[in-house]
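Take a look at the structure below.
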Amino acid sequence: MKITRYTATGKNRLTYWERAAFITLLYVVFMLPAAHKVQAQEIIPPHQVSRLLRDIPYLGHTTDTVQRALTPAQATMLSRQLDRPNFRSNLHIIEDTTSVVNIKVSKNGQLSDESVMLSDFRLEDGVNMAVIHRKGAAELTLAESNIPLGDRHVKLQGMVLPDIYIARVKTPYIDPVSGKILTEQRVLRLMSFIEPLIYNWQQNNYETDLFVMLLDDSETELRRRELVEPHPVEFITSRHTLLEPVIVQFTHTNMPLQRVNVTDTSPHNPVLVRMINPLNLEGDSIFLPKESLIRIDTPPRALQGLGVQSIPVSISLLNYLEEDSVRVTLTATMGTIPGHVYVSRDKPGRVLLRSESTGKSIITARADNFHETTTDFEFVLPVLFVLLTLIGGIIGGVLKHLLNPAKKMIWNHMLQGALAGFVVAILYYIIGLTDIFTFNVDAGAIYFNEFSYLGIAVLGSLFWVQIYGILEKMVVKK
């Protein structure tokens, strides 16, 4: 049998390499961007931006300070490219560059309005910033560019105001003729990173840091560019809110961020902060929410210890805007208290704290997504309880003697009354035998608890015989 072998010709080999080149091209076009996208999926939400800056300090100082000299031909060619905003790299912001928009321009301290087709707009000589006003509120936006952090990439997420700024920034290139740094027109937005106002228990106020930046995310990475002219922004708010600083000078794009410390004592939630600048005198609004708090409304106080006294403890919620009730878990280092209570926005919870032994008792209230709250109560020796019950028993003994003076001496009635009143008070308040009376005294009454000690002791002294009969039936089964 004749065996035919086929060998690869030059044409066949060419086809093979063409196929390999085509597959490589497909990988470059489709796989590498996808891989880069996967690499940059880590997102830094607004409330974690400050933690990122603390953990990685160098982010606050990254800048491109390299100045590259150009030839006259290179400078001329580059100047034409940098003479107008590059809207093509900002299509995620501006969808229609052929639309006619109103642009506010500041020149020599004077504001002027221009209605031009956006694709034809450029900053005039001597003008370093303009703004396109757009209606709407700030919205949560993910920056297109990313920040390289070692072997990973992250993206910043923050609240972006609707206005679009066109600013003149410095480039790393020097014009060989004039010796000046070439400038470029960039499209910017104002981005803020909002952290909730946190309650300061020592200062009795709310505090947070507001971070703002001029965002330029037209490139793959967030790069700092120096502004040709500083852009001032003033922050204004209510008289109950303190801002430091009040005026911020933006001298660059992107990082480092500008930090504004906010201290608030107002009852409002959220807190309104307005930002105004020379191109937007009406201002933009930023709303700072307050963290939801559990509050123990009952103030710290001393209680009669050894289980003598109980008081109601009121639990409420602050700055909680939801309709659902919250399960608040309660613990006490000393004494007894219910394990939990349900509290809603408009309805506080109420539990009974009963003393135990003597010393300091720390009451802690916890709930999911809330900061725990503590309050201290002091359990003291029940000297007042002993004194008042003895006095009440003596008073009851005197009354009993006056009702029937012939049977015993007054001193006998007083001694018997003091012992009976003291024993009945212990049975009623500490052991909890409230059934010895047909009525019930609120043992947790805050202002009249001491008088109730006296009253129960008087009744115990007067009706000791009847109470003893009730106790006998409780203890001895007939």
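The residues of the chain are indexed from 1 along the displayed sequence.
Remark: Tyr320 engages Phe370 in a ring-ring contact (aromatic ring centres under 6.0 Å, His included) (not counting sequence neighbours). For Leu242, the side chain to side chain contact (heavy atoms under 4.5 Å, CB included) partners two or more places apart in sequence, or in a different chain, are Thr263.
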Audit row: Ser266, Val271, side-chain contact (heavy atoms from CB on, under 4.5 Å) steps and yes/no: CA-CA 8 Å; Ser266 72; Val271 175; 4.2 Å; yes
Check against side-chain contact (heavy atoms from CB on, under 4.5 Å), Leu140 and Gln157: CA-CA 7 Å; Leu140 191 64; Gln157 187 181 44; 3.7 Å; yes
Worked check of side-chain contact (heavy atoms from CB on, under 4.5 Å) between Val233 and Gln258: CA-CA 11 Å; Val233 173; Gln258 300 287 348; over 6 Å; no
CA sep, side-chain torsions, deciding dist, call: Met275, Val212, side-chain contact (heavy atoms from CB on, under 4.5 Å): CA-CA 11 Å; Met275 295 189 302; Val212 290; 4.2 Å; yes
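Pairing each heavy atom of Ile315 with each of Val343, the nearest pair is O-CG1, 3.7 Å. The two residues Glu219 and Arg223 come nearest to each other via the heavy atoms OE1-CD, 3.0 Å. Tyr342 and Ser325 make their closest contact through CD2-OG, 4.1 Å (heavy atoms, listed as atom of the first residue, atom of the second, distance). Here the closest heavy-atom approach between residue Leu210 and residue Ser192 is recorded as CD1-CB, 4.2 Å. Here the closest non-hydrogen pair linking Leu384 and Gln304 is N-OE1, 3.6 Å. Of all non-hydrogen atoms in Asn277 and Pro232, the two that sit nearest each other are CB-O, 3.3 Å.
The line from CZ of Arg301 to CD of Glu378 is 12.5 Å long, rounded to the nearest 0.5 Å. Here OG1 of Thr253 is found 10.5 Å from CG of Asp217. Values are rounded to the nearest 0.5 Å. For the atom pair CG (Asp368) and OG (Ser292), the distance works out to 12.5 Å, reported to the nearest 0.5 Å. Going from atom CD1 of Ile236 over to atom OG1 of Thr241 covers 12.0 Å, rounded to the nearest 0.5 Å. Atom CE of Met213 is separated from atom CZ of Arg189 by 10.0 Å, given to the nearest 0.5 angstrom. Residue Ile395 holds its CD1 atom at 11.0 Å from CG of Leu390, rounded to the nearest 0.5 Å.
We find that Arg224 and Glu226 are joined by a salt bridge, their nearest charged nitrogen and carboxylate oxygen being less than 4.0 Å apart. Salt bridge status for Glu323 with Arg345: present, with a side-chain N to carboxylate O gap under 4.0 Å.
At most 12 heavy atoms of other shown residues, nucleotides or ligands fall within 6.0 angstrom of atom CG in Asn369. Under a cut-off of 6.0 angstrom, the local environment of CG in Asp113 is crowded, with over 12 non-hydrogen atoms contributed by other residues, nucleotides or ligands.
Judged by distance alone, the side chain of Asn90 and the main-chain N or O of Ile93 form no donor-acceptor pair under 3.5 Å. A donor-acceptor pair is defined here as one N or O able to donate and one able to accept, closer than 3.5 Å; such a pair exists between the side chain of Arg274 and the backbone of Gly283. Judged by distance alone, with hydrogens and angles left aside, the side-chain atoms of Lys360 form no donor-acceptor pair with the main-chain N or O of Met334 at under 3.5 Å. Without hydrogens or angle criteria, Arg186 side chain to Ala167 main chain gives no donor-acceptor distance under 3.5 Å. Side chain of Thr389 to backbone of Phe422: no donor-acceptor contact under 3.5 angstrom is found. Of the possible polar contacts, one joining the Gln185 side chain to the Leu123 backbone as a donor-acceptor pair under 3.5 Å is found. Thr208 contributes no side-chain N or O that, together with a main-chain N or O of Ile198, makes up a donor-acceptor pair within less than 3.5 Å. Judged by distance alone, the side chain of Asp163 and the main-chain N or O of Arg134 form a donor-acceptor pair under 3.5 Å. A donor-acceptor pair under 3.5 Å is absent between the side-chain atoms of Thr265 and the main chain of Asn205, judged by distance alone. Between the side chain of Thr298 and the main chain of Ser314, a donor-acceptor pair closer than 3.5 Å is present.
At a threshold of 4.5 Å between non-hydrogen side-chain atoms, the residues Val262 and Thr237 do not count as touching. Put simply, the side chain of Leu330 reaches to within 4.5 Å of the side chain of Val351, judged on heavy atoms. Side-chain contact between Trp201 and Leu293 is present, with at least one heavy-atom pair separated by less than 4.5 Å. You'll find the side chain of Leu188 reaches within 4.5 Å of the side chain of Asp216, heavy atoms only. You'll find the side chain of Ile194 reaches within 4.5 Å of the side chain of Pro289, heavy atoms only. Counting heavy atoms from C-beta on, the side chains of Ile311 and Phe377 come closer than 4.5 Å. For the pair Ile294 and Leu317, the minimum side-chain heavy-atom distance is below 4.5 Å. Residues Asn86 and Val187 form no side-chain contact, since every pair of their non-hydrogen atoms from C-beta on lies 4.5 Å or further apart.
Residues Asp346 and Ser344 have side chains that never bring a donor and an acceptor to within less than 3.5 angstrom of each other. Tyr206 and Asn269 share no side-chain donor-acceptor pair at under 3.5 Å. Between the side chains of Asn319 and Tyr199, no donor-acceptor pair is found at a separation under 3.5 Å.
A side-chain contact (heavy atoms from CB on, under 4.5 Å) with Arg225 is found for one member of Thr171, Val169, Asn254, Thr183 and no other, namely Val169.
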